[in-house]
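This report concerns only the one structure given below.
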Protein chains: 2
Amino acid sequence: MSTLAILRFYTVLVKNEQAITNADRTFFQLRKDIVEGVIPAGSKLSEMELSTKYEVSRAVIREAINRLATCHLVERKANVGARVVALSPEGLIQLYQVREALEGMAARLAARYMSDEEIADMQALLDSHFDKVKDGQSYYQEAGDVDFHYRIVTGSKNDHLISVLVDGLYHLVRMYRVQLGMAGPRVSTAFDEHRHIVNAIANRDEELAEMLMRRHILYSKNNIEKKLNHG
Amino acid sequence: MSTLAILRFYTVLVKNEQAITNADRTFFQLRKDIVEGVIPAGSKLSEMELSTKYEVSRAVIREAINRLATCHLVERKANVGARVVALSPEGLIQLYQVREALEGMAARLAARYMSDEEIADMQALLDSHFDKVKDGQSYYQEAGDVDFHYRIVTGSKNDHLISVLVDGLYHLVRMYRVQLGMAGPRVSTAFDEHRHIVNAIANRDEELAEMLMRRHILYSKNNIEKKLNHG
DNA sequence: TGCACCTGTTTTGTCGACAATATGATGATC
DNA sequence: GATCATCATATTGTCGACAAAACAGGTGCA
């Protein structure tokens with residue numbers, strides 16, 4: 001995955017997040033460093049060390065770490081401290097199991113609740129992605145994929161779904177992608193799957209939309225598992 | 001719902017939680033008070049006020065409030081403070097949409113991963129519930145329902161699923177049940193549904209287990225909606 | 001050698017005080 | 001009378017210091 005794609009991804013995912021307090025900024029920075037592996041997976045987070053490194057008080061670090069714990073990016077133990085989560089094949093499988101359930105439901109609800117305008121926008125987005133993919137600019141695929149999934153999830157109009165996925169699981173997904181280095185390909189096939197899902201949503205076919213989304217994520221999981229085993 | 005059932009519920013849900021730090025205790029207490037309406041839904045949480053009331057420092061209260069925010073029981077705004085979530089028909093519907101997705105997947109995974117012994121235990125549990133329901137001790141139904149769902153979720157062996165549901169959504173579900181006063185009935189029908197789900201799991205029929213669980217939750221949602229509108 | 005215990009050090013948990021921001025009331029201006 | 005600016009108040013954000021708990025190293029004993 002190119003640096004440009006990473007940047008674009010971040011822009012998409014973080015577009016509505018703005019840091020107000022110092023704790024916000026520290027949280028965002030820490031999250032970025034963990035996801036991108038600057039702080040290694042499985043390593044211990046020392047409050048003192050981080051407070052000197054990021055030039056804020058321990059209270060701010062503690063708040064940031066607590067928020068990281070809510071995204072499941074770190075795990076805290078009382079009187080012991082916090083560790084960055086470890087990446088494992090089992091963890092990846094569990095992550096995709098939850099994605100399948102939640103994003104499947106998101107697609108169903110998107111078919112029910114998205115406005116005609118939102119659907120049209122998403123179709124236009126897909127068209128522009130198609131042009132780029134056709135032109136060989138496949139490095140946009142990662143960002144395009146994220147953009148697509150992001151729109152479906154927000155289209156569900158379900159606050160729980162949105163927050164669990166966007167604030168939580170997606171960062172973990174990205175952490176796996178970046179650190180275990182899976183950029184795809186699966187470009188063209190995934191693109192067709194996106195197209196089919198949007199069509200189902202446009203037809204207001206909830207059942208099909210959910211089924212196609214679940215398959216899409218299942219395929220994606222299988223693809224990643226294959227890479228993990230053979231690569 | 002009787003006080004006994006409430007107590008039993010809590011025992012089940014909280015059985016593996018033990019308070020280590022002061023923040024733990026305060027968090028549990030605050031969560032209890034919010035779920036049971038001692039602190040009213042939609043009300044503002046003042047850090048100073050709570051710190052005097054619960055006799056701990058503001059830092060402890062802040063940590064507790066942060067954890068409440070991760071369960072979606074309160075919402076924080078920077079430089080403004082935290083409010084207890086408001087209960088609304090829309091919120092209830094969204095909550096059950098997510099439950100349907102997650103617990104459906106949990107049932108599927110339970111059919112895949114639960115050991116024969118765990119399944120046998122669950123069948124025995126259901127038998128004992130059946131005896132009690134038959135004897136007219138229907139006040140155990142609520143606790144029995146919770147116990148059943150809890151076992152399915154943990155049976156999925158999926159840490160994300162477990163934490164999102166057990167640490168998060170279930171408390172919100174309980175908050176709706178307690179404060180909008182829905183104790184059932186639906187006792188006997190729900191019981192049959194439980195039986196069918198366990199049978200599907202015992203047969204290792206993932207597809208059926210998920211479908212039945214989703215219907216079970218959907219029925220439950222419809223039942224509650226009906227109560228909200230007509231009662 | 002292996003295990004238990006004690007002790008000094010390090011790290012986390014908790015506290016009270018100060019700084020920065022929002023809130024609400026008061027008054028001025030159109 | 002309504003709207004906006006200003007200021008006092010109250011609340012949250014941040015900090016540094018102390019208390020309590022875990023950790024590591026060494027010592028004594030079986």
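Residue numbering restarts at 1 for every chain, and letters A, B, ... go by the order of the sequence lines.
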Would you mind reading off the distance between A:Ile65 atom CD1 and C:dG13 atom P, rounded to a whole angstrom?
-> 9 Å

Start with the C-alpha distance between B:His194 and B:His216, add both sets of side-chain angles, then the distance that settles side chain to side chain donor-acceptor pair (under 3.5 Å), and finish with yes or no.
-> CA-CA 8 Å; B:His194 287 186; B:His216 173 57; 3.1 Å; yes

Side-chain ion pair, A:Arg108 and B:Glu100, N-O less than 4.0 Å | no

Between B:Arg62 and D:dG13, does any side-chain N or O lie under 4.0 Å from OP1 or OP2?
-> yes

For A:Ile61, report the nucleic acid contact type (base, sugar-phosphate, nothing); a contact means any heavy atom under 4.0 Å.
-> nothing

Rounded off to whole Å, could you give me the CG-to-P distance for the A:Asn79 and D:dA22 pair?
-> 5 Å

Hey, is B:Glu63 close enough to A:Arg76 for a salt bridge, meaning N to O under 4.0 Å?
-> yes

Can you check the B:Asn22 CG to C:dT12 P distance for me, whole Å?
-> 18 Å

Residue B:Ala59, side-chain heavy atoms: nucleotide from C:dT11, C:dC15, D:dT14 that is nearest | C:dC15

Reckon A:Lys44 has a side-chain N or O less than 4.0 Å from the OP1 or OP2 of C:dT12?
-> yes

Side chain of A:Ser46: nearest nucleotide among C:dT12, D:dG13, D:dT14?
-> C:dT12

Interatomic distance, A:Arg58 CZ vs D:dC15 P [rounded to whole Å] = 13 Å

Which residue, A:Glu47 or A:Ile20, contacts DNA chain C at a nucleotide closer to its 5' end, judged by nearest heavy atom?
-> A:Glu47

Nearest-Å distance, CD (B:Glu63) to P (C:dT12)?
-> 13 Å

Is there a side-chain contact between B:Met175 and B:Val84 (heavy atoms, below 4.5 Å)?
-> yes

To the nearest angstrom, how far is A:Asn66 atom CG from C:dT14 atom P?
-> 11 Å

Atom CZ of A:Arg25 and atom C1' of C:dA20 are separated, to the nearest Å, by 12 Å

Would you say A:Gln94's side chain and B:Lys157's backbone share a donor-acceptor pair under 3.5 angstrom?
-> yes

Please report, rounded to the nearest Å, how far the C1' atom of D:dT11 is from the CG atom of B:Leu45.
-> 13 Å

Establish, with yes or no, whether the OP1 or OP2 oxygen of C:dC15 is under 4.0 angstrom from a side-chain nitrogen or oxygen of B:Ser57.
-> yes

Would you indicate which nucleotide in C:dT14, D:dT11, D:dT14 comes nearest to any side-chain atom of A:Ala23?
-> D:dT14

